[in-house]
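Quick note on labels: first sequence line is chain A, next is B, and so on, each numbered from 1. Any value given below was found using the heavy atoms of this structure, including those in side chains, with hydrogens, waters and symmetry copies removed.
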Amino acid sequence: MELNELEQQRFEKMSRLQEAGHSPYPHRSHRSHTVQAALADFEAAEKTATEAPVVTVAGRIISIRVMGKVAFAHIEDGSGKLQLFLRQNELGEEALALFKKVFDLGDFAEAHGVLMRTRTGEISLQAHTVTMLAKAITPLPIPKEYEGHDGQLTRYSAFSDVEERFRQRYADLAVNAEVREIFRTRSRMISALRTWLDEHEYLEVETPVLQPIYGGAAARPFTTYHNQLKQQLYLRISFELYLKRLLVGMYERVYEIGRDFRNEGVSYKHNPEFTQLELYCAYTDLQGMMETTEQMIAYTAQHVLGTYEIPFKGQLINLTPPWRRIKLRDIILTGTGIDYTTFPDAESLRTVMRQRGYDAASTASWGHLVDNLLSEVEPSLIQPTFVYDYPIEISPLAKQKSDDPTHVERFELFIGGMETGNAFTELNDPFEQEKRFVNMGTEQADEDDESHPMDEDYLRAMKYGMPPNGGFGMGIDRLAMLLTDKHSIREVLLYPHLRAKE
RNA sequence: GGGUCGUUAGCUCAGCCCGGUAGAGCAGGGGCCUUUUAAGCCCAGGGCCACAGGUUCGAAUCCUGUACGACCCA
């Protein structure tokens with residue numbers, strides 16, 4: 001192991017510790033209190049004027065101030081931080097000297113002693129013993145913090161290099177408490193979604209990640225190979241087709257929270273693998289899905305943040321149901337002045353788009369162009385909005401409107417200027433579904449990128465009879481962005497994908 | 001894929017325009033200091049200036065390319 005100068009120094013301190021008869025990596029801690037519990041116990045004792053508690057706390061040393069025969073340090077655990085007051089009178093000369101010589105910022109240590117208040121009023125542990133729990137060899141970039149009179153926390157040279165934070169997420173988490181909080185919020189969010197779904201009789205299921213035929217969305221897959229089966233497999237791009245098969249199998253409400261993989265570009269709202277929630281509910285339709293969606297998300301916000309009003313990018317998003325509902329045609333017409341329904345083919349739509357100054361690739365299909373127009377208005381959809389009635393061309397798994405066969409019962413959900421969800425009255429007519437697959441197939445021949453292959457087994461399932469149902473899918477990462485006011489998907493992924501270095 | 005910007009000490013940054021061989025604060029090392037909290041004071045360290053070429057007597061600095069990243073556009 002190659003050590004730089006600073007690491008070499010710490011390595012030598014480790015040896016000194018061993019020479020003094022202590023292990024730098026002992027087997028166990030004897031913690032009696034978390035920091036939070038210690039603070040609570042002390043305050044309780046103060047109130048009742050009983051003896052100050054004797055505790056053992058453990059954690060990472062995040063500050064040290066040595067002043068001769070006394071030293072102060074802060075120790076941080078998962079619950080908070082506590083000042084240690086290390087006095088020669090209490091510790092003994094040898095122990096204090098050892099602390100000063102071999103303990104560094106970043107080390108895990110444990111301290112045993114009695115709680116007290118210092119002259120400035122800070123609750124502190126007057127340490128009788130200090131023990132190393134795990135020596136840190138590489139110095140953590142622990143910032144200095146300063147709390148102003150107004151309680152405002154100022155931080156000096158915090159570890160902020162975006163690339164290094166993501167490449168060494170452990171260091172990022174170790175020194176940036178607010179980053180730890182993001183993933184707590186994310187976890188509470190997923191837990192709240194599960195609670196809501198469980199309470200509404202949804203059954204959580206798991207379907208294959210490795211699929212012989214990918215489907216359910218328009219995206220390029222990752223490809224892999226099973227050696228023994230001698231079979232090409234794909235990492236799933238959605239769960240849709242497997243979940244809907246379960247409705248054929250007589251489950252009425254199912255959901256899955258899991259990872260999808262799309263072999264496409266990386267951006268502030270795209271990562272090659274991302275977490276998706278999909279749910280399907282028999283005997284309901286698009287209208288029911290709208291209600292389900294707004295109830296579920298509003299519940300989640302309430303449970304995670306305690307409010308329906310969430311700050312995002314300097315604006316306040318109000319998630320109180322019911323949410324705005326607007327037709328795709330109308331939102332595009334208002335935003336761009338183009339009524340796509342009057343330009344029913346790619347050629348005429350492309351022409352009018354170019355006239356109005358919008359980009360319209362010559363290779364793009366009509367559906368693709370409509371999608372481009374929607375992208376133009378997407379950033380303005382800050383408050384939660386269901387955009388509904390989509391052209392059939394870009395919705396091969398949704399059921400047609402009974403009064404307009406050119407459009408399907410589908411909505412996309414926009415919040416904070418991002419597409420966060422997608423739902424249909426699901427197509428359950430096997431003959432119509434087969435036609436759609438075939439049509440998609442011929443379109444791919446033209447476009448060649450986002451293929452949507454025929455899934456014979458899915459059609460077979462549907463031929464057994466699939467109840468009418470509504471389905472909804474949502475990007476969990478995007479919802480996490482909204483609830484944490486983070487503007488890049490990487491901030492809400494513990495290990496976002498980065499290009500390999502060297 | 002295109003454009004713009006960035007990469008200098010463990011961390012956060014200055015230096016680059018206008019070329020002369022590397023700076024600060026924090027962290028670390030050696031001292032002083034028994035209630036500090038960005039503790040303070042004294043002393044001495046620490047760098048393949050992302051990488052590879054080019055221009056030049058001389059390059060962190062100017063030019064070209066590569067890698068990685070950020071932002072914008074497609």
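Contacts of A:Glu122 with the nucleic acid, taken as non-hydrogen atoms under 4.0 Å apart, include base atoms. A:Ala158 comes within 4.0 angstrom of sugar-phosphate atoms only, judged by non-hydrogen atoms across all strands, and of no base. Within 4.0 Å (heavy atoms only), A:Asn89 reaches at least one base atom of the nucleic acid. As judged by a 4.0 angstrom heavy-atom cut-off over every strand, A:Lys101 is placed among residues touching the sugar-phosphate backbone only. Contacts of A:Phe85 with the nucleic acid, taken as non-hydrogen atoms under 4.0 Å apart, include base atoms. Nucleic acid contact class of A:Lys100 (heavy atoms, under 4.0 Å, all strands): none. In this structure, A:Glu145 reaches the sugar-phosphate backbone alone: every heavy-atom distance under 4.0 Å involves primed, P, OP1 or OP2 atoms, never a base.
Looking at residues 164-181 of chain A, you'll see A:Arg167 sit with a heavy atom under 4.0 Å from some atom of RNA chain B. Of the residues in residues 480-499 of chain A, those with a non-hydrogen atom less than 4.0 angstrom from any atom of RNA chain B are A:Arg490, A:Leu498, A:Arg499. Of the residues in residues 61-69 of chain A, those lying under 4.0 Å from RNA chain B by heavy-atom distance are A:Arg65, A:Val66, A:Met67, A:Gly68, A:Lys69.
A stacked arrangement is assigned to A:Tyr156 and the six-membered base ring of B:A38, with a centre-to-centre distance below 5.5 Å and an interplanar angle below 30°.
Side-chain contact between A:Phe386 and A:Arg324 is absent, with no heavy-atom pair separated by less than 4.5 Å. Looking at heavy atoms from C-beta onward, A:Met132 lies in side-chain contact with A:Asp107 at the 4.5 angstrom threshold. Looking at A:Gln383 and A:Ile317, their side chains come closer than 4.5 Å, going by heavy atoms from C-beta outward. Between A:Glu110 and A:His30, some side-chain heavy-atom pair lies under the 4.5 Å cut-off. Using a 4.5 Å heavy-atom cutoff, the side chains of A:Pro141 and A:Gln168 are not in contact.
The side chain of A:Gln88 sits closest to B:U34 out of B:U34, B:C11, B:U36. Here B:G10 is the nucleotide among B:G10, B:U36, B:C68 with the atom lying nearest to any side-chain atom of A:Pro139. Checking B:U35, B:A70, B:U12 against every side-chain atom of A:Met116, the shortest atom distance belongs to B:U35. When the nucleotides B:U37, B:G69, B:G25 are ranked by their closest atom to the side chain of A:His74, B:U37 comes out on top.
Using a cut-off of 4.0 Å between Lys/Arg side-chain N and Asp/Glu carboxylate O, A:Arg117 and A:Glu46 are scored as salt-bridged.
Applying the salt bridge (Lys or Arg N to Asp or Glu O under 4.0 Å) rule to pairs touching residues 27-44 of chain A yields A:Arg31-A:Asp77, sequence neighbours excluded. Sorted by first and then second residue, the salt bridge (Lys or Arg N to Asp or Glu O under 4.0 Å) pairs with a member in residues 481-500 of chain A read A:Arg165-A:Glu491; sequence neighbours excluded.
If you check B:C26 for Watson-Crick or wobble pairing at under 3.5 angstrom, you find it paired to B:G10. Pairing for B:C51 goes to B:G65, judged as Watson-Crick or G-U wobble with the two contacts each under 3.5 Å. For B:C16, there is no paired base (Watson-Crick or G-U wobble, both distances below 3.5 Å). Pair assignment for B:A70: B:U4, on the basis of Watson-Crick or G-U wobble contacts that are both within less than 3.5 Å. Within the shown strands, nothing qualifies as a pairing partner of B:U37 under the Watson-Crick or G-U definition with both distances less than 3.5 Å.
Straight-line distance from the CD atom of A:Glu12 to the P atom of B:G30: 10 Å, rounded to whole Å. Here B:G10 presents its P atom at 13 Å from CG of A:Leu3, a figure rounded to the nearest Å. Distance A:Lys13 NZ to B:A27 P: 12 Å, rounded to the nearest Å. B:U37 atom C1' lies 15 Å from atom CD of A:Glu76, rounded to whole Å. Note: CD1 (A:Ile123) to P (B:U35) measures 20 Å, nearest angstrom. Rounded to an integer number of Å, the gap from CD of A:Glu376 to C1' of B:C73 is 12 Å. Between A:Leu105 atom CG and B:U37 atom C1' the separation is 13 Å, expressed in whole Å. Atoms CZ (A:Arg354) and P (B:A74) sit 14 Å apart, rounded to a whole Å.
When the P atom is used for both B:C18 and B:C5, the distance is 16 Å, rounded to whole Å. Remark: the separation of the P atoms in B:C48 and B:A60 is 13 Å, to the nearest Å. Distance check on atom C1': B:C51 versus B:A38 gives 37 Å, rounded to whole Å. Nucleotides B:G46 and B:A24 have their C1' atoms positioned 14 Å apart, rounded to a whole Å. Using atom C1' as the reference point in both B:G25 and B:G65, the two lie 36 Å apart (nearest Å). If you take atom C1' in B:G47 and the same atom in B:U8, they sit 8 Å apart, rounded to whole Å. With both ends at atom P, the span from B:G1 to B:U66 equals 12 Å, rounded to whole Å. Separating the P atom of B:G3 from that of B:A39 is a span of 47 Å, rounded to the nearest Å.
Minimum heavy-atom separation, A:Leu82 to A:Ile123: CD1-O, 3.6 Å. Contact detail for A:Leu319 and A:Pro384: the closest heavy-atom pair is CD2-CG, 3.9 Å. Between A:Arg87 and A:Gln126, the shortest heavy-atom contact is NH2-NE2, 3.8 Å.
In this structure, A:Arg410 is not positioned above the aromatic face of A:Phe424 in the sense of NZ or CZ being under 6.0 Å from the six-membered ring centre and within 45° of the axis.
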**Complete:** Under a 4.0 Å heavy-atom criterion, the protein footprint on nucleotides 41-52 of chain B, written with B, S and -, is -----S------
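Not a single donor-acceptor contact under 3.5 angstrom links the side-chain atoms of A:Ser160 to the base of B:U12.
At distances below 3.5 Å, at least one donor-acceptor pair connects side-chain atoms of A:Ser365 with backbone N or O atoms of A:His368.
Atoms NE2 and OG, from A:His112 and A:Ser32 in turn, are 8.0 Å apart once rounded to the nearest 0.5 Å. Between the CZ atom of A:Phe159 and the CG atom of A:Leu173 there is a distance of 10.5 Å, given to the nearest 0.5 Å.
Between A:Tyr234 and A:Tyr214, a ring centre-to-centre spacing shorter than 6.0 Å is recorded.
The phosphate of B:C11 has neither OP1 nor OP2 within less than 4.0 Å of any side-chain N or O from A:Lys144.
Between A:Phe85 and A:Phe72, the ring planes are parallel. Angles under 30° get that label, and only those over 60° would be called perpendicular.
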